Each structure stands twice: as C-alpha cells, then as structure tokens.
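Notes follow the structure.
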Amino acid sequence: VGTRAAVKAVDTRDLVEAGAGIVLANTYHLMLRPGSAMIAQRGGLHRFMAWDGPILTDSGGFQIYSLSPTIDEEGARFRSVYDGSKVGLTPEEAIRIQEELGPDIAMALDVCVGLPAPRQEVEAEMERTLRWAERCLSAHTRGDQALFGIVQGGVDPDLRAKSASQTAALGFPGFGIGGLSVGESAAERHTALEASFAELPDDKPRYVMGLGDTEGLLEAIARGADMFDCVLPTRLARHGKALTRSGDLNLRNSAFETDDRPIDEGCSCRTCATHSRAYLRHLVRAKELSAHRLLTIHNLRYTLDLIAGAGDAIETGRFSEYLAQVAERRSDGSS
RNA sequence: GCCGGGAUGCCCGAGCGGCCAAAGGGAGCAGACUGUAAAUCUGCCGGCUGACGCCUACGGAGGUUCGAAUCCUUCUCCCGGCA
C-alpha cells in the first residue's frame with residue numbers, strides 16, 4: 001500500500017526486491033496533494049513514482065469510512081485532512097480523478113461501513129454503493145484502464161449475495177470485496193466472503209480489500225480470493241513488529257535484547273540476511289529511521305512470500321498442506 | 001569569607017501546611033494496529049498485595065503543628081554574584 005504514491009519507508013527498488021506485484025495508491029489523498037492534474041502532467045502515477053509495475057488506486061471509499069464525511073446520494077463531503085478545507089467526492093469525480101492519475105486498475109466509489117453496524121445502515125449503504133457503481137461505470141471512459149466494482153453488505157450473507165450478484169451483473173472486469181477487516185470476527189468475515197464469492201464469476205479477479213494478516217489472507221485464499229492490499233505489514237514495521245513464519249515478534253520486547261538470530265531463519269530478505277534481532281531491537285528503541293526501512297523490507301517480503309507460497313501450493317495441488325504447515329509453525333510459538 | 005538561589009521518585013521537573021506515593025515529560029515494561037488523519041495510540045511504572053490496605057519516601061539531623069515535600073534551626077553538597 002502506497003497511499004500517497006509512496007510505500008512508507010521504502011522506495012520502488014525495495015518493492016521490486018521484495019517481490020511486489022502491484023502497488024496501491026489513493027484517490028482521496030492524491031487529489032488533495034499533490035493533485036491529480038499535477039500528476040497527469042508528469043505522465044501519470046507510474047512515471048511520477050517511478051514504478052513500472054501495475055498500479056491500483058482506491059477510490060476514496062475507505063476514507064468515507066475512516067474520515068466519516070457527510071454522505072448523500074450525490075457523493076461525500078469531506079474536510080481535507082491536510083488543510084481543513086471542504087472537498088467533495090462523487091462517483092463521477094472519483095472516476096475522473098483516477099483516469100487522470102492513470103492506474104491500471106481503478107476502483108468504483110463505494111461506501112464502506114464500519115462494523116458492527118445496524119443491518120438497516122449496512123443495507124442502505126450497500127444499495128447506495130450499487131447505484132454509485134452504475135454511475136462510475138458510465139463515467140468511465142479509459143479503455144486502457146480496468147474499473148473494478150466493489151461488493152458491500154457487511155457480514156450478512158443475504159446482503160452480500162445481493163450486492164455481489166448485482167455488482168457482477170454490471171459487468172465489471174474485476175471485483176473488490178469491501179467492508180471487511182473493519183471490526184468483524186474472522187468467522188463473520190468468512191461467511192461474508194463465501195456469500196460474496198458464490199455470486200461472482202469464476203474467471204474474474206476477486207480482490208479482498210484491506211485484508212493482510214497471515215491467517216486472514218490464507219483463509220480468504222482458501223475461499224477463492226485472488227488479490228489483497230493491506231497497510232499492516234508496513235505499519236507494523238514502523239511500530240516495531242516483525243512478521244515471521246514462527247509467529248510475530250514485537251521487537252521492542254526485552255526478550256530480544258541479546259538475540260543474535262535474524263528475525264526469521266527462513267526468510268531471504270536483506271534485513272534477515274544482514275541483521276540480528278538484537279540490532280533491530282536497538283534500532284527500534286533508538287527510533288532510528290533505518291528500523292522502519294529494515295522492518296518494512298522484511299514484513300513486505302514475508303507477506304509476499306506467504307502469498308507466493310500459497311500460489312505455488314495451489315498449482316501443485318497442495319494448498320491444504322500448506323495451510324496446515326503455516327498454521328502449525330506459527331502456533332508452535334514464536335521466538 | 002559574605003550575599004543570594006537550590007537539593008523532589010531511574011532521569012528531568014511541578015508542588016510550597018491536610019485533597020501527595022506526590023502534576024507533566026523522558027526512560028523502562030507490556031498491549032493494540034488490517035482498501036494509512038498512524039515513525040501512532042493505550043495501559044503499567046517506590047515496595048509488599050488479587051484487592052482493601054500496609055510500609056518506605058521529597059539531601060542529613062532536630063524542631064513547630066492534630067497534621068510537614070511544604071514552616072523553623074542546623075549540617076552537608078551544588079549553582080550564581082561579590083570579595
């Protein structure tokens with residue numbers, strides 16, 4: 001996730017090394033700073049941020065959840081997080097801006113509802129998301145850019161099924177599953193995923209938005225998910241936490257003071273190849289910027305390896321073994 | 001030597017008769033984080049205890065007072081000024 005056309009603490013070369021296949025950027029943040037026209041003038045997002053691989057932009061739907069603007073049928077009215085000024089975002093605007101930004105995949109503007117929420121509200125916003133999806137579709141003009149619709153409906157299987165089938169009927173080339181990882185339990189999420197996937201075409205990508213913890217990713221893949229994005233690997237890195245095959249590590253903990261092992265013996269990232277837990281713990285405690293960079297490099301590699309491993313396992317028909325193996329190593333306890 | 005200022009919990013620092021185990025930082029120890037308002041936020045943080053509570057504490061000693069980190073005397077050390 002590179003919300004502001006930058007994955008925090010690393011550069012595009014680090015992303016290539018980590019094995020990143022796609023980068024996400026954000027419509028809301030980029031329209032306010034530096035502005036989509038400014039980026040368009042510089043040849044679009046790819047050239048601007050020097051990333052040759054695929055780019056996806058989120059529409060600003062998540063900010064409708066996290067920044068709680070006022071919403072009406074026309075669109076959302078925000079206060080800019082940068083200068084407090086009033087800004088509006090409609091489905092048409094979200095598309096226009098994303099066409100200027102120039103990602104390979106744009107997302108329809110949806111309304112993401114935090115959970116738990118009254119069914120009435122979840123249903124109303126799911127319906128609104130559906131209406132907005134149509135508007136996004138008709139506003140979309142760039143043939144070289146894919147536009148994904150977004151399934152909402154909270155954790156209610158019926159609402160999910162309706163949202164998925166109606167969104168699918170609009171003919172999008174790919175589908176985001178939104179409104180998850182926003183307060184629901186794992187079991188509720190699984191129900192929502194199953195209900196959504198059942199109504200989506202098998203030959204088009206299914207993108208579970210905002211999901212990124214190890215167990216959550218594998219459970220979603222097991223149910224048919226193809227794509228993900230998540231701030232967790234990079235944010236946890238900045239907060240001193242390292243993800244590993246044998247459980248996650250809070251490197252601030254005194255347990256690592258004299259631990260000379262790498263974060264993860266099985267990891268081939270540069271951080272694990274060069275630095276000990278003891279050193280990294282020191283960097284974290286000393287608030288050295290390199291701690292952010294080194295842990296981000298590792299957490300990205302860990303997460304991307306996990307996903308790549310799942311892909312390999314699926315291709316060789318050994319996915320359930322893979323699932324069991326990952327779960328066993330992680331539960332065997334950390335350290 | 002004289003005059004003035006000061007010594008507070010691991011560190012810095014507020015308090016200036018009871019509401020003080022003592023504000024606020026920092027450090028330390030844990031926890032949270034999922035389409036990034038996040039290099040952020042939360043909790044604990046003298047000792048014993050699950051808790052009530054008890055004990056020890058505001059440089060040392062002594063005193064005033066029902067009651068002192070807070071007032072007085074004296075000692076020690078630190079800082080500034082004058083000799």
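Each chain gets a letter, A, B and so on, in the order its sequence line appears, and its residues count up from 1. Owing to the predicted nature of the structure, the values given are computational and were not obtained by experimental measurement.
- For the C1' atom pair drawn from C77(B) and A61(B), the interatomic distance equals 15 Å after rounding to whole Å.
- Taking the six-membered ring where the residue is Trp, F78(A) and Y28(A) present tilted rings, their angle falling between 30° and 60°.
- At A30(B), one or more side-chain N or O atoms of S254(A) fall inside 4.0 Å of OP1 or OP2 (strictly under the cut-off).
- A23(B) is unpaired under the criterion used here, namely a Watson-Crick or G-U wobble arrangement in which both key atom distances are under 3.5 Å.
- Across the P atoms, A7(B) and A83(B) are found 28 Å apart, a figure rounded to whole Å.
- Rounded to an integer number of Å, the gap from CZ of F256(A) to C1' of G28(B) is 17 Å.
- The C1' atoms of A57(B) and A21(B) are separated by 8 Å, rounded to the nearest whole Å.
- Residue R33(A) is classed as having no contact, given no heavy-atom separation below 4.0 Å to the nucleic acid.
- Note on L159(A): it does not cluster hydrophobically with I177(A), by side-chain heavy-atom contacts below 4.5 Å among ILVMFWY residues.
- Taking atom P on both C29(B) and G35(B), the two are 29 Å apart, rounded to the nearest angstrom.
- The pairing partner recorded for C16(B) is none, the criterion being a Watson-Crick or G-U wobble arrangement whose two distances lie under 3.5 angstrom.
- Straight-line distance from the CE atom of M31(A) to the P atom of U36(B): 14 Å, rounded to whole Å.
- For the C1' atom pair drawn from A38(B) and C33(B), the interatomic distance equals 9 Å after rounding to whole Å.
- In this structure, G240(A) reaches neither bases nor backbone, as no heavy-atom distance under 4.0 Å exists between it and the strands shown.
- Looking at D58(A), its side chain comes within 3.5 Å of the base of G35(B) through a donor and an acceptor atom.
- One atom, CD of E215(A), and another, P of C33(B), lie 12 Å apart when rounded to the nearest Å.
- Taking atom CG on L249(A) and atom C1' on A30(B), their separation rounds to 15 Å, with Å as the unit.
- At least one side-chain nitrogen or oxygen of K241(A) sits closer than 4.0 Å to the OP1 or OP2 atom of A32(B).
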Would you tabulate the nitrogen or oxygen pairs shorter than 3.5 Å linking the protein to nucleotides 37-42 of chain B?
residue: A37(B); atom: OP2; partner: S66(A); partner atom: OG; Å: 2.5
residue: A37(B); atom: O5'; partner: H29(A); partner atom: NE2; Å: 3.2
residue: A38(B); atom: O2'; partner: R238(A); partner atom: NH1; Å: 3.3
residue: A38(B); atom: N7; partner: R235(A); partner atom: NH2; Å: 3.0
residue: A39(B); atom: OP2; partner: R238(A); partner atom: NH1; Å: 2.6

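- A donor-acceptor pair shorter than 3.5 Å cannot be found between the side chains of Y279(A) and T274(A).
- Residue R301(A) comes nearest to C267(A) through the heavy atom pair CG-SG, 4.1 Å, listed as atom of the first residue, atom of the second, then distance.
- Put simply, the side chain of M209(A) reaches to within 4.5 Å of the side chain of D58(A), judged on heavy atoms.
- Pairing for U65(B) is absent, with no Watson-Crick or G-U wobble pair whose two atom distances lie under 3.5 Å.
- Considering only side-chain N and O atoms, N26(A) lies nowhere under 4.0 angstrom from the phosphate OP1 or OP2 of G35(B).
- Using a 30° and 60° split on the angle between ring planes, Y322(A) and F319(A) fall in the tilted class, from 30° to 60°.
- Using Watson-Crick or G-U wobble geometry with both donor-acceptor distances under 3.5 Å, A7(B) finds its partner in U76(B).
- Across all strands shown, U40(B) forms a Watson-Crick or G-U wobble pair, both distances under 3.5 Å, with A32(B).
- L211(A) comes within 4.0 angstrom of a base, heavy atoms only.
- Within 4.0 Å of E184(A), counting heavy atoms only, lies no atom of the nucleic acid at all.
- No side-chain heavy atom of R42(A) sits under 4.5 Å from any side-chain heavy atom of R47(A).
- A side-chain contact (heavy atoms from CB on, under 4.5 Å) with L236(A) is found for exactly one of T296(A), N250(A), L243(A), namely L243(A).
- Comparing the same atom, C1', in G46(B) and in G63(B) gives a spacing of 28 Å after rounding to whole Å.
- In a base pair of the Watson-Crick type (N1 to N3 plus N6-O4 or O6-N4) or a G-U wobble (N1-O2 and O6-N3), with each distance short of 3.5 Å, G50(B) is matched with no nucleotide.
- Pair assignment for A83(B): none, as no Watson-Crick or G-U wobble contacts are both less than 3.5 Å.
- Considering only heavy atoms from C-beta on, L280(A) stays 4.5 Å or farther from F256(A) through its side chain.
- Between the C1' atoms of G13(B) and G6(B), the separation comes to 13 Å (whole Å).
- Nucleotides C71(B) and C19(B) have their P atoms positioned 16 Å apart, rounded to a whole Å.
- Nearest to the side-chain atoms of R285(A) among the listed nucleotides G28(B), U36(B), G31(B) stands G28(B).
- The CG atom of L56(A) sits 10 Å away from the P atom of U36(B) (whole-angstrom rounding).
- There is a side-chain donor-acceptor pair under 3.5 Å between Q98(A) and T57(A).
- Of the side-chain N and O atoms in N253(A), none sit less than 4.0 angstrom from OP1 or OP2 of C29(B).
- Counting non-hydrogen atoms under 4.0 angstrom, D213(A) reaches a base of the nucleic acid.
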